[in-house]
Amino acid sequence: GAPLLLNCGRRPPTADSATAADKTNPRGKHCLWLCFRVLSSCLEIFVLCPPLTSDSISTVLAAATITMTLTSTVCFPRQEIMKWNGWGYSDSKFLFNKKGQAEFTGKRYRLSGMVLPSLQDWFENTFGASVNHKSPPALNASAVPPASLNEAFVEDLKATGIPFSHEAEDRVFRAHGHCLHEIFALREGKKFERVPDMVVWPNCHNDVVKIVELACKHNVCLIPYGGGTSVTSALECPPEETRCIVSLDTSQMNRILWIDEKNLVAHVEAGIIGQDLERLLNESGYCTGHEPDSMEFSSLGGWVATRASGMKKNVYGNIEDLVIHIKVVTPRGVIEKSCQGPRMSTGPDIHHFILGSEGTLGVVTEVTMKIRPIPEYQKYGSVVFPNFEAGVACLREVAKQRCAPASIRLMDNEQFQFGHALKPQVSSIFTNFVEGLKKFYITKFKGFDPHQLVVATLLFEGDRERVLQHEKQVYDIAATFGGLAAGEDNGQRGYILTFVIAYLRDLGMDYYVVAESFETSVPWDRVLDLCRNVKERINRECKERGVQFQPLTSCRVTQTYDAGACVYFYFAFNYRGLADPVHTYERVEHAAREEILANGGSLSHHHGVGKLRKEWMKESISSLGVGMLQSVKDYVDPDNIFGNRNLL
Amino acid sequence: KACTPNYSPGRGWPCFNTDPMLKRDGFEDILEERRNSSDLKYALRCYAPVLYKGVTPCKANMLKNIVLQSDQLHYVINQVSQESGEAPDIIQEEASVILEEMAHRLQISTVRFFAFALSKAFKTLFQHVCVNEEGIQRLQQAIQEHPVVLLPSHRSYMDFLLMSYILYTYDLALPVIAAGMDFMGMKFVGEMLRMSGAFFIRRSFGGDKLYWAVFSEYVKTMLRNGFAPIEFFLEGTRSRTCKSLTPKLGLLNIVIEPFFKGEVFDVNLVPVSISYERILEESLYARELLGVPKPKESTSGLLKARRILSEDYGSIHVYFGQPVSVRSLAQGKVNRSTYNLFPRHIPRKPMEETQSFVNDTAYRIVRLQEDNMVLKPWVLMASLLLQNLEGLELSVLTEQTVWLRGLALSYAAFLDWPDHAPTAKVVSSSLALHRGLACVSGGRVSLVVGEPLGPVTPEEALFNRAVSVLSCASYRNQVLHVFLRPAMLAVAMHTAASSKKNEVYNCFSFLWDMFSNDFILCPGDIVQDFEEACYLLVKTGAVQMPQQDIVMTDIGQPTLSFFNGLLEPFLQGYQVVCRYLCEEASEGLTEKQYIPAVRSFAYSVLCVFTGNLRCYEVLSSDMQKNALAALLRGKLPTQKALLARL
């Protein structure tokens with residue numbers, strides 16, 4: 001019942017194809033070599049051998065031809081399986097077929113290959129959009145500024161044997177995250193003002209040490225790149241940067257170096273992608289339980305650098321609770337602790353300088369993190385409430401009694417309807433009938449207003465008995481707030497929505513709809529006020545800025561804490577008639593953030609600050625606080641080698 | 001309709017004064033229909049107003065429960081209980097008693113009764129009750145979108161009945177109205193008012209935490225839930241002088257706070273200007289100002305006052321102003337996130353930033369009220385008559401009134417001058433309506449002085465004269481806000497040692513500061529007011545400003561001397577108060593003793609100097625209080641030289 005059915009789409013490169021490539025283009029040789037590197041990494045995972053150095057390649061070569069086991073989901077030149085101008089895998093996308101019905105292509109997800117008959121109606125009614133008004137992307141991938149290379153650096157780098165590239169495609173792919181303005185620019189074929197001048201693929205901690213040393217020596221700017229899922233403009237190259245910018249892609253550092261079952265910790269290279277980490281641990285009977293919504297693509301190092309939060313944090317904790325040890329390469333050297341004590345009183349925790357540093361201090365190379373045995377039993381669930389107020393009150397009570405399931409989320413009415421629009425075609429009349437009966441029971445018999453009711457989705461984990469007990473406890477609390485259990489299926493659909501929402505944004509952009517999400521954390525007593533005021537502010541700002549159609553503003557409470565909650569907003573509008581939709585969008589998001597701050601919300605719960613929200617840092621943590629962070633930066637990286645200019 | 005950006009009362013204030021001529025055309029006389037159709041039918045018709053975001057109306061009892069169970073109130077109850085040692089239950093009971101005494105019990109049947117009775121009364125008392133329709137439409141819109149606070153001017157007891165009557169007429173949500181406890185003393189009537197939406201608050205409850213908590217939570221609950229528009233009088237009490245009073249901030253603080261705390265998205269403040277052609281309480285006010293105690297509100301008193309039904313009180317104009325969004329006002333002025341670090345249910349003194357914002361807002365709302373007051377020709381005539389107490393030829397009065405009308409219009413006064421009527425007719429019909437104040441004999445117009453029966457002491461004669469002067473002044477006062485700034489500039493030019501701009505400005509700022517209790521001068525607006533005054537005087541050709549000078553033009557004489565005359569009573573009044581303080585006041589004078597003492601001093605001065613000193617207005621307790629407050633602010637003695645010259 002996992003929400004993801006993941007196939008790895010990577011085509012294992014064979015020696016044959018590599019040789020063929022070698023003849024036709026000069027990159028071929030390079031590619032072949034890189035393939036060996038990739039393969040060598042798979043070996044390491046299984047044999048747990050010490051990291052390879054580049055001179056041991058020939059030894060690996062022989063082994064590689066025998067063990068063609070697959071490792072990484074994200075293959076080396078990522079653009080082969082991933083979209084360069086949208087979210088996720090190239091083979092997975094929403095489209096309206098010839099009959100006007102929505103379909104989700106590919107085979108990777110539960111929704112893949114399914115027809116979604118109600119999506120078109122929802123889409124057209126919500127946005128005033130029409131499937132006849134298409135705004136397809138203009139294909140122009142190569143309007144890329146020429147690379148300005150630091151020759152001395154390149155020479156020294158060559159000598160280390162660490163692979164690198166200055167191909168336009170590689171560089172553009174790493175010049176952005178997934179902010180609306182970035183994707184929009186890619187689709188429109190607009191030129192990026194500044195992109196990395198080259199990309200480098202270290203294979204292990206020592207490679208990173210070498211790269212950072214060379215960068216310091218030649219005064220080159222480094223920007224670490226993990227999964228590329230940033231939504232804070234954190235990966236954008238500062239346009240004012242005149243030095244050569246090198247994107248340090250950690251994707252090849254993707255091994256689990258060891259697992260310690262006595263202490264239940266695993267030592268992992270930081271470039272590993274969430275889904276790979278989870279899958280590989282599962283093979284040994286473990287999991288980390290850290291499942292941010294981006295886990296298909298985001299990396300461990302990225303989680304550390306942004307203070308990520310996982311959907312199941314109620315059981316497993318957020319990233320800061322999960323890490324036991326972090327190894328970071330900075331221009332001053334390597335930061336490490338001397339032991340793996342579970343808690344220390346040794347002054348302020350230096351991990352907390354790293355957690356959330358957003359690539360401004362160095363590169364996270366290896367992390368020791370907690371692991372847990374895979375839970376015996378998993379169960380989804382859902383509860384409908386007559387209105388959002390009742391839902392929030394229930395979540396608050398659940399948090400108060402500290403009995404939150406692994407995940408508990410409350411979607412507002414707009415999102416509830418959105419979720420319904422994603423229901424696949426019902427195959428049997430019987431199911432149809434049952435659905436109708438359910439609807440009748442809730443709206444007519446129980447008197448819930450279909451334009452008010454909201455749904456909470458739940459995920460329980462543990463041993464079977466405990467899960468069932470826990471489930472009863474939560475449903476009992478819900479009942480006191482007028483909640484009605486609404487089945488496993490509704491719950492599961494809620495979580496699917498999480499993974500496909502980013503694909504849906506691409507669909508929207510095909511039809512003049514721009515969309516984005518943002519989040520905050522807020523004390524319990526302000527949750528309702530904040531949600532109402534932010535939505536209202538967005539509606540108002542849209543109107544004032546000439547948006548012709550009513551925007552969609554929707555929110556959900558995605559995490560509960562003792563003292564507050566995390567609230568996640570979706571915001572989308574039809575931009576037909578607007579000269580500069582991205583600018584309009586940005587102004588509205590800016591206003592929404594101001595409203596959040598004025599209503600007691602935080603600057604970010606888990607997305608981070610990046611460059612998008614820098615302007616509010618002083619207000620958020622006081623100028624003294626900013627000064628403290630600045631002095632750390634000045635000490636660790638006096639020449640601003642890690643010059644992505646995030647955060648400060 | 002086209003709006004012309006006019007002199008808006010304050011920088012950054014999102015307001016454009018509509019062209020007075022356009023504003024004038026939008027009025028509708030709601031009595032017209034009353035005169036042509038059944039009042040009973042009207043009172044019984046279907047009434048189904050649209051509420052805020054479609055909330056269902058809340059029963060009075062439910063409202064009380066929400067208040068009594070609120071965290072806010074519980075906190076204070078526990079606090080009071082800890083301080084006093086009483087059990088929380090007992091304090092809770094007290095709170096519930098306070099709430100019982102305070103809360104409204106709006107009942108549609110009572111409203112219908114009032115609708116019927118007031119229709120009858122209004123038709124007898126007034127010729128027209130005119131309401132600007134555009135304002136009603138804006139209000140209707142605003143009520144649905146945001147919690148609304150109605151802020152009418154306060155000149156008469158009629159005000160709040162009139163407001164509810166109008167809202168009922170237009171099928172708008174009936175407001176709940178903050179009323180002084182004095183009304184509650186009236187048997188039966190107090191309860192009637194309660195059932196028509198009034199809630200009663202004590203006049204003073206400074207130290208009473210519990211009372212304050214119940215009261216503020218009651219108002220906030222109504223506001224947050226949008227159950228009904230809230231109505232109160234910023235000026236706090238009826239203005240006896242017809243000048244706007246310095247706004248009181250308590251209630252405004254309460255209704256704005258939910259916005260700062262994020263409990264509502266916005267609050268809309270709607271200034272409402274109610275202008276009476278003739279005020280019902282006209283001579284009553286004058287007597288009150290002269291120290292005759294105000295009759296206590298009582299039902300029998302009300303019945304006795306029936307006789308006023310036999311008189312003609314002209315017409316009423318009610319102007320509903322543009323709703324003012326607190327959110328837009330506070331933009332960039334108040335940082336709402338300063339409320340983030342403190343639990344919202346714990347009462348806290350507002351921060352300085354907030355206090356000055358609320359103060360500023362209050363002043364600007366009052367100025368909007370002033371701007372939208374409809375002025376009748378009589379207020380111009382009253383201004384002229386007061387500068388000619390010995391009376392003047394009717395023809396001269398007519399001529400000067402026409403001149404003053406031109407001046408007022410060029411200063412964007414909201415003047416209701418009948419179209420197409422010959423001036424002589426306008427003047428004579430005004431005199432007819434106000435025959436109790438002025439009369440024509442032998443072609444001369446003069447003030448009417450009440451003739452007491454029997455022998456008169458000089459003081460009694462003076463008293464009678466003062467009554468008529470103060471009554472008349474209450475009409476002149478209505479136009480003061482139009483002329484105030486240029487008039488202060490005129491006096492400053494007259495007083496300043498030279499025509500240098502900075503000297504004139506110094507003098508202007510002295511006057512500005514001195515008069516800031518008497519007139520509505522927004523705090524901090526001094527430079528802007530000076531510039532506005534210069535602009536207006538230059539615009540009307542009375543003044544030139546070559547380089548760094550301010551000088552009168554050849555045609556400026558009439559304007560400037562009218563302005564000097566306009567403020568003269570105030571200058572003289574303040575002077576008398578100064579003299580009293582210098583010559584007579586003893587050490588340890590209490591405020592309570594001050595009013596009678598300065599009054600008798602003023603009587604004696606006036607008796608001695610009949611003739612050249614005619615500042616009857618210094619007998620007004622209002623002026624005495626304002627002058628004292630100005631002097632107490634302490635800035636004035638430092639400018640002794642200016643004071644002496646004035």
Side-chain angles (χ1 to χ4, degrees), chain A residues 386-389 392-393 396 413 447 449 451-452 520-544 550 553 555 563-564 567 587 590-604 613 615-623 625, chain B residues 14 52-56 58 66 69-75 141-142 144-147 217 220-221 223-226 256-268 323 325-348 351 353-354 357:
Chain A
N387 54 45
F388 195 61
E389 288 77 4
V392 171
R396 204 278 162 268
N413 183 262
D449 177 353
H451 296 286
Q452 290 281 314
T520 186
S521 55
V522 60
W524 279 115
D525 72 315
R526 288 172 174 269
V527 171
L528 288 174
D529 288 331
L530 180 129
C531 292
R532 184 198 51 237
N533 289 352
V534 171
K535 285 182 180 182
E536 175 109 32
R537 179 78 183 261
I538 290 174
N539 288 337
R540 227 196 217 204
E541 293 282 335
C542 280
K543 211 189 237 170
E544 278 169 21
Q550 175 80 14
T553 54
C555 65
V567 182
R587 295 324 300 158
H590 191 271
R593 181 58 59 180
E594 280 188 334
E595 194 60 34
I596 286 175
L597 296 177
N599 282 275
S602 65
L603 192 51
S604 170
R613 288 185 269 275
E615 63 181 289
W616 289 292
M617 272 301 271
K618 252 188 199 152
E619 192 185 320
S620 289
I621 63 165
S622 83
S623 43
Chain B
Y52 169 60
K53 298 243 161 99
V55 295
T56 41
C58 174
I66 300 177
Q69 281 160 15
S70 66
D71 295 339
Q72 285 80 347
L73 193 55
H74 273 222
Y75 179 85
Q141 186 69 26
Q144 292 171 45
E145 285 174 1
H146 299 293
E217 195 48 32
K220 283 180 196 169
T221 304
L223 184 95
R224 278 194 288 255
N225 296 300
I256 286 182
E257 202 181 58
F259 164 71
F260 286 138
K261 288 187 170 173
E263 293 163 342
V264 292
F265 182 75
D266 197 355
V267 174
N268 275 349
S325 146
V326 172
R327 173 175 277 267
S328 340
L329 278 189
Q331 182 77 36
K333 290 192 189 130
V334 178
N335 181 5
R336 280 183 287 155
S337 61
T338 47
Y339 287 81
N340 288 349
L341 291 175
F342 209 80
R344 293 185 292 177
H345 67 276
I346 299 181
R348 241 175 125 202
M351 276 158 294
E353 189 184 58
T354 317
F357 169 76

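Numbered from 1 within each chain, the chains take letters A, B, ... in sequence-line order.
- Of the listed residues A:Asn599, A:Asp525, A:Leu528, the one with more heavy-atom pairs under 4.5 angstrom with chain B than any other is A:Asp525.
- For A:Arg540, the part sitting under 4.5 Å from any heavy atom of chain B is the side chain, from C-beta outward, and nothing else.
- Judged purely by atom type and a 3.5 angstrom limit, A:Ser521 has no side-chain atom pairing as donor or acceptor with the backbone of A:Ser602.
- Pairing each heavy atom of B:Ala142 with each of B:Asn268, the nearest pair is CB-ND2, 3.6 Å.
- For the atom pair CG (B:Asn335) and CZ (B:Phe260), the distance works out to 10.5 Å, reported to the nearest 0.5 Å.
- Within the 4.5 angstrom heavy-atom criterion, only side-chain atoms of B:Asp266, from C-beta onward, approach chain A.
- Under a cutoff of 6.0 Å and an axis angle of 45°, A:Arg532 and B:Phe265 do not form a cation-pi pair.
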